[in-house]
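One structure is given here, and the rest of the page talks about it.
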Amino acid sequence: MELTLVEENPYRFRIEPRGDMRVPGIVFASHDLLEDAEKSLEQVVNVATLPGIVGASYAMPDIHWGYGFPIGGVAATDVDDGGVVSPGGVGFDISCGVRLLAADGDRRSLWPALPDVMDGLDRAIPRGAGPGGVWHLSGPGELERILDGGSRYAVERGHGEERDLTRCEDGGAVADADGAQVSGRARERGLGQVGSLGSANHFLEVQQVAEVYDERVAAAFGLVRDQVCVMIHCGSRGLGHQICTDHVRAMDRAMNRYGITVPDRQLACTPVDSPEGRAYLGAMAAAANYGRANRQLLSDATRRIFHRAARTRLSLVYDVSHNLAKLETHTVDGARRRLCVHRKGATRAFPPWHRELPEDIREFGQPVLIPGTMGTASYVLAGVPGGDAFHSTCHGAGRVMSRHQAARTVAGKELRARLERGGIAVRPRSLRGLAEETPEAYKDVSAVVEASEGAGLCRTVARLVPLGVVKG
DNA sequence: ATGTAC
């Protein structure tokens, strides 16, 4: 399809509605980033045809090709006007997200203990494909409590502290989880993976604050220059994946009954307010809670290592997902509307004073955590007033090279040596997996962050660089 | 992302 992009400003491009598009496409990017995005713009156009979509079909600067929706896509549908929910608008890794913990020490004080910390993490953090997790559940009943209570349940059971809940999106758990909509197979897959990283771009990193762009906001978030941090990037493992699979199938079968046609089968959807829509959202919320509990238990395991090896405490800066659909109220054309906001590879970025933000940081806007590529930088951003795209921003650096291509570019051993030479301790589970994640395989995360800030979606607070990487 | 294909 021929696409015409109109440049509205250097970081904002518009695709005028045509054909079945109900709204325009709005792509936030720089000219450079746009070059890699060309193919996935077709997916931005497809999303614009969804029933009930309002505003625009948005794409963040890290847009790349995904299942149905582009990764980096944001779309909101009007619940009270036939708006749909689509599992493809969340993706397979439901509730994939990032958690940042701040240590009570800087690089200099932690440096002597770092090898011990890394070896401890190497032993303690389950990772890679398949089963394994730090928490051995007592049985299916306990999984139910996790699906219902998220990290709130993990903290109740002694695996965390109160701040882990106040500084987590949704206070650690969403209330509308419906375990009855989670299939037996999804439960089976989830049972043995609570407290595990997974593979691919998921990671646990020991980092240091390399640069602070706004000292006041950084301090409120709990960050100062040279401070050591831990960043955890992971999702809902096989459970979320299975939930996506199950509900895409159910919606694909049901769509006809609602008279819905979509340009791509991967956009299977039904109205939010339908049995299938409610079932998906209930199961998705259960996976969201599983994802939070997963990150909570990995934090707990990490804290034990830091305490034992370095007598260092870790406190939560924030935990936020970049793969979720949420029912939120926003103003559209001057009226308050109940919307289903899909964010897929896009991070919620609430503005200052939003009532859902933790009280102690409310005036600064929501912390947004951007995981970088192994060996490069990660960022802490903050939501800004008037943020566009229903208060959303980027989520990281998208891939530009396939796994296969990446593994051909560099040998795992060589990459490990290169990282170690650069002062980054590496604890990979497999060298092949490490090679697939080589930094050259990804876009420049700094360019993505710069474009997001330029587009008025967020502002930068701090840049973090890795001291040690634990990978699947 | 993912018991890396049902």
Side-chain angles (χ1 to χ4, degrees), chain A residues 40 43 60 62-73 86-99 126-133 143 182-194 196-204 232-250 252-253 265-266 283-284 286-288 290-292 294-295 298 320-325 342-347 370-371 373-374 395-408 412 428-437 441-443 471-472:
Chain A
S40 18
Q43 296 191 311
M60 302 296 119
D62 45 342
I63 178 177
H64 56 284
W65 189 264
Y67 179 90
F69 279 58
I71 295 163
S86 173
V90 172
F92 277 86
D93 194 3
I94 298 169
S95 188
C96 180
V98 185
R99 165 177 295 224
R127 54 203 193 272
L143 182 64
V182 178
S183 69
R185 187 186 277 204
R187 288 157 186 279
E188 214 172 282
R189 292 179 68 175
L191 204 54
Q193 298 184 323
V194 184
S196 65
L197 269 186
S199 54
N201 70 344
H202 287 165
F203 64 74
L204 186 154
I232 299 172
H233 176 207
C234 65
S236 54
R237 305 293 329 274
L239 178 124
H241 192 278
Q242 190 63 46
I243 286 172
C244 182
T245 304
D246 293 340
H247 288 263
V248 164
R249 185 174 303 151
D252 187 54
R253 288 178 184 148
R265 242 183 126 172
Q266 296 184 351
M284 184 212 70
Y290 184 97
R292 272 74 171 274
N294 191 24
R295 291 192 285 275
L298 287 169
V320 64
S321 170
H322 44 235
N323 284 2
L324 273 185
H342 302 72
R343 295 186 184 89
K344 178 187 191 179
T347 314
I370 305 299
T373 308
M374 177 176 61
H395 88 303
R399 273 198 103 86
V400 289
M401 213 185 268
S402 71
R403 307 197 163 284
H404 187 71
Q405 200 182 348
R408 264 185 323 185
R429 194 164 175 277
S430 84
L431 286 170
R432 160 82 195 198
L434 193 72
E436 289 177 350
E437 293 298 310
Y442 287 86
K443 281 182 208 176
K471 289 287 280 185

*Does the gap between the ring centers of His233(A) and His322(A) come in under 6.0 Å?*
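Ring centroids of His233(A) and His322(A) are less than 6.0 Å from each other.
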Take atom [atom1] of [X] and atom [atom2] of [N], then tell me their distance rounded to the nearest Å.
X	N	atom1	atom2	result
Gln405(A)	dT4(B)	CD	P	23 Å
His202(A)	dT4(B)	NE2	C1'	14 Å
Asp252(A)	dC6(B)	CG	P	15 Å
Arg399(A)	dT2(B)	CZ	P	13 Å
Arg429(A)	dT4(B)	CZ	P	14 Å
Asn294(A)	dT2(B)	CG	P	10 Å
Gln242(A)	dA5(B)	CD	C1'	14 Å
His247(A)	dT2(B)	NE2	P	19 Å

*Answer with base, sugar-phosphate or nothing: what part of the nucleic acid does Glu436(A) contact at a heavy-atom distance below 4.0 Å?*
nothing
*Would you classify Arg185(A) as touching base, sugar-phosphate or nothing, given that sugar-phosphate means primed atoms plus P, OP1 and OP2, and contacts are heavy atoms under 4.0 Å?*
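Base contact - Arg185(A) has a heavy atom under 4.0 Å of at least one base atom.
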*asked:* Using the side chain to side chain donor-acceptor pair (under 3.5 Å) criterion, which residues pair with Arg408(A)? Sequence neighbours excluded.
replied: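 Counting only residues at least two positions away or on another chain, Arg408(A) forms no side chain to side chain donor-acceptor pair (under 3.5 Å).
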_Checking Arg185(A) now: which residues fulfil side chain to side chain donor-acceptor pair (under 3.5 Å) with it, not counting sequence neighbours?_
none
*Hey, is the side chain of Arg237(A) poking within less than 4.0 Å of OP1 or OP2 on dT2(B), counting only N and O atoms?*
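Affirmative; the distance criterion is met.
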*So, is Ser199(A) close to the dT2(B) phosphate, meaning a side-chain N or O under 4.0 Å from OP1 or OP2?*
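For dT2(B), OP1/OP2 do have a side-chain N/O of Ser199(A) under 4.0 Å.
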*Using the closest heavy atom to pick a nucleotide of DNA chain B for each, name whichever of Ala129(A) or Arg403(A) lands nearer the 5' end.*
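Residue closer to the 5' terminus by nearest nucleotide: Arg403(A).
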*asked:* Nearest 0.5 angstrom please: Cys234(A) SG to Asn294(A) CG, how far?
replied: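 One finds 4.5 Å between SG of Cys234(A) and CG of Asn294(A).
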